[in-house]
Amino acid sequence: MLDIHLLRTDLENVCKRLLTRGFSLDMTYFQKLVEERGSIRTNTQKLEENRNNISGMIGQLRVAGHGIDDKEIGDFLHQMLVIHDQLSLAKISLGKIESKLQQFLEVVPNLPHSTVPKEGKNEEIRRWGTGKTSDSLSFSVKDHVSIGEGLGLLDFKTATKLSGARFSIMKGGLARLHRALAQFMLDTHTQKHGYTETNVPYLVNAKSLYGTGQLPKFEGDLFKIHRERYGKEEGMTAQELQGKIHDVDSPSLQEENWYLIPTSEVPLTNTVRNEIVSLESLPIKLTTLTPCFRSEAGNYGKDTHGMIRQHQFDKVELVQIVHPQKSYEALEQLVGHAEKILQKLELPYRVVVLCTGEIGFSAAKTYDIEVWLPAQNTYREISSCSNCEAFQARRMQARFRNENGKPELLHTLNGSGLAVGRCLVAVLENYQNADGSVSIPKVLRPYMGGINRLIA
RNA sequence: GGAGAGGUGGCCGAGUGGUCGAAGGCGUUCCCCUGCUAAGGGAGUAUAGGCUCAAAAGGCUUAUCGAGGGUUCGAAUCCCUCUCUCUCCGCCA
């Protein structure tokens, strides 16, 4: 969520910056809402002030021993009847206008940072390593699907039987390699990069998803768990109860629903929701390994083959919660932490900075790390590292007590460190041999019981 | 799943209808006193808004005592729903 003060004081500039990321903000509607809210609020507060004054005076009279029948009190009570009615109406319209404004603001994306490229192209920042190709390897490279199936360790057909499209089963050495990757990542981030290992819920409530920005705008990308926990209200028939259960949009039920996490950014970042943390506790650096669940709605044609785009995948996540002045420094470090994993695995990659048109809803600046996939003869995204500045913190009311002892919004960052499934794909393709076997990267061998290749 | 007890400021804890945004204590900030230390004295110390002011300071004001509704002229206090925590019983990896 953007700072409403910023919108009010610098509306045109904000609109311009939002336009660069393809979001057009309705200025006149916004201004109309703000003005209306102002006058309704002033009116409401005047009425409340009046009410407080008069009821205070009634209180004084009562304390002084006057009875309710006294004429003075009677006059006051009479006035209060009028105020009471006016106030009820005023509060209703105030509530309406405030929720309109809220609904307007909560779908406005973050402002891109000034260093984000404005034209519609991501910019490559740096490359590491040299990508292998069929030519450089002097044999025809296979993609991860044929490698995995060739080894007899990767099985999409059975997974489809169990669950449907976009799932997979790994077995034997491949499943172990997958686990080895995740363990290696976690160990590196906790032991070398100073992150605290965390274990988090995979089911979260709507408030958490709102906090990090997935809700309300991107509900379609999420898997929702309907919890049927409804107290039967008095006089409610069975049919009415049934109706209530299926009215999933009713606000009270939104609270009841759980969602499978699309990324562990959600639980990690929301640990500070509604908190005021101390200055000394910063930076907070958390990492966790979790499955991630994505419905991939709207991606039906993309990457239908293989493990690149699945409904469920494991990911090691890095989250930093930092002082606002340190967040860009932290972003560089965080990208570096993710890169380190690829370097140690000796997987070629490049880092790109996303342009204004491509950054995610909550992000002010994002670096993608793309790993080399020989079979696709291209780089594919394996990590996305973002600084969300105060955008999520404002939604979450996540603050710290600053140098002057005043609460101030934190900055939040997150990045994959890395997506385990895609990393496995990269290892398979980059470490494949002409005979169909796959060598094990050196750093993973301790996690693999010392074996150095997967053989059919 | 059943029964009960609770949720008040940074923390502890009082407060069962009326000058209560909330006693008292702890913590903390500033000032005074003391040769230093210890002790002592005084003042302050929630958050988010609105209005006022050139701005800051200050002043005025609204909301917030787990959340949301209700009763009432008036709610931290009474009623309802939800939620979380704790205790006991049951079940369970």
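Naming: A, B, ... by sequence-line order, numbering from 1 per chain. Only heavy atoms go into these numbers, but all of them, side chains included; no hydrogens, no water, no symmetry mates.
When the nucleotides B:rU47, B:rU61, B:rG49 are ranked by their closest atom to the side chain of A:Glu49, B:rU61 comes out on top. Between B:rA48, B:rG10, B:rA63, one nucleotide has an atom nearer to the side chain of A:Glu48 than all others, and that is B:rA63. Set against B:rG10, B:rC73, B:rU62, the side chain of A:Met80 has B:rC73 as its closest nucleotide. Out of B:rC73, B:rG50, B:rG10, the shortest distance to the side chain of A:Leu77 is found at B:rC73. The nucleotide whose nearest atom lies closest to any side-chain atom of A:Arg399 is, among B:rG50, B:rC73, B:rA48, B:rA48.
Rounded to a whole angstrom, the distance from the P atom of B:rG49 to that of B:rG41 is 38 Å. Remark: the separation of the P atoms in B:rG44 and B:rC60 is 14 Å, to the nearest Å. With P as the reference atom, B:rC11 and B:rA67 are 15 Å apart, rounded to whole Å. For B:rA76 and B:rU34, the P atoms lie 47 Å apart once the distance is rounded to whole Å. Rounded to whole Å, the separation between the C1' atoms of B:rG2 and B:rC91 comes to 11 Å. B:rC86 sits 30 Å from B:rG17 when the C1' atoms are compared, rounded to a whole Å. Nucleotides B:rU29 and B:rA46 place their C1' atoms 15 Å apart, quoted to the nearest Å. Of the P atoms belonging to B:rU16 and B:rG58, the separation is 35 Å, rounded to the nearest Å.
Between A:Leu87 atom CG and B:rU72 atom C1' there is a gap of 14 Å when expressed in whole angstrom units. A:Arg394 places its CZ atom 13 Å from the P atom of B:rA48, with the value rounded to the nearest Å. Atom CZ in A:Arg41 sits roughly 18 Å away from atom P in B:rU61 (whole-Å rounding). The separation between A:Arg401 atom CZ and B:rU47 atom C1' is 9 Å, rounded to whole Å. When the C1' atom of B:rG49 is taken as reference, atom CD1 of A:Ile97 falls 16 Å away, rounded to whole Å. Protein atom NZ of A:Lys91 is 20 Å distant from nucleotide atom P of B:rG49, rounded to whole Å. The CD1 atom of A:Ile4 sits 10 Å away from the P atom of B:rG49 (whole-angstrom rounding). Between the NZ atom of A:Lys46 and the C1' atom of B:rU61 there is a distance of 10 Å, rounded to whole Å.
Mapping A:Ser55 and A:Gln397 onto RNA chain B by nearest heavy atom places A:Ser55 closer to the 5' end of the strand. Residues A:Arg37 and A:His84 both approach RNA chain B. Their nearest nucleotides, taken by heavy-atom distance, put A:Arg37 toward the 5′ side.
When only modelled atom types and interatomic distance are considered, A:Thr263 and A:Lys315 share a side-chain donor-acceptor pair under 3.5 Å. Under 3.5 Å, the side chains of A:Tyr195 and A:His337 contain a donor-acceptor pair of N or O atoms. If you check the side chains of A:Thr198 and A:Thr288, you find no donor sitting under 3.5 Å from an acceptor. Side-chain contact annotation: A:Thr44 with A:Lys91, donor-acceptor N/O pair under 3.5 Å absent.
Regarding contacts with the backbone of B:rC73, every side-chain N or O of A:Asn50 stays at 4.0 angstrom or more from both OP1 and OP2. The shortest distance between the side-chain N/O atoms of A:Arg51 and the OP1/OP2 oxygens of B:rA63 is below 4.0 Å. Within the structure, a side-chain polar atom (N or O) of A:Asn52 is placed less than 4.0 Å from OP1 or OP2 of B:rU62.
In terms of polar N and O atoms assigned as donor or acceptor, the side chain of A:Gln60 never comes within less than 3.5 Å of the base of B:rG18 in a complementary pairing. At a cut-off of 3.5 angstrom, counting only N and O atoms as typed in the model, there is a donor on one side and an acceptor on the other between the side-chain of A:Arg62 and the base of B:rG18.
Atom CZ of A:Arg8 sits in a sparse spot, with 12 or fewer heavy atoms from other residues, nucleotides or ligands closer than 6.0 Å. Other residues, nucleotides and ligands contribute only 12 or fewer heavy atoms inside 6.0 Å of the NZ atom of A:Lys96.
If you check B:rA93 for Watson-Crick or wobble pairing at under 3.5 angstrom, you find it has no partner at all. Across all strands shown, B:rG21 remains unpaired; no Watson-Crick or G-U wobble contact has both distances below 3.5 Å. Nucleotide B:rC88: paired with B:rG2 (Watson-Crick or G-U wobble, both distances less than 3.5 Å). In this entry B:rC51 has B:rG59 as its Watson-Crick or G-U wobble partner, both defining distances falling under 3.5 Å. Nucleotide B:rG35: unpaired (no Watson-Crick or G-U wobble partner with both distances less than 3.5 Å). In this structure, B:rG27 and B:rU45 make a Watson-Crick or G-U wobble pair, each of the two defining distances being under 3.5 angstrom. With both pairing distances under 3.5 Å, B:rU16 is matched to nothing as a Watson-Crick or G-U wobble pair.
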Margin query: Using salt bridge (charged side-chain N to carboxylate O under 4.0 Å, His left out), reason through A:Glu275 and A:Arg399 one step at a time and then give a plain yes or no.
Written below: CA-CA 6 Å; A:Glu275 299 291 332; A:Arg399 297 173 291 175; over 6 Å; no

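Residue contacts shown for A:Lys406 are limited to sugar-phosphate atoms, with no base heavy atom under 4.0 Å away.
Between A:Arg309 and A:Glu296, at least one side-chain nitrogen of the basic residue sits less than 4.0 Å from a carboxylate oxygen of the acidic one, meeting the salt-bridge criterion.
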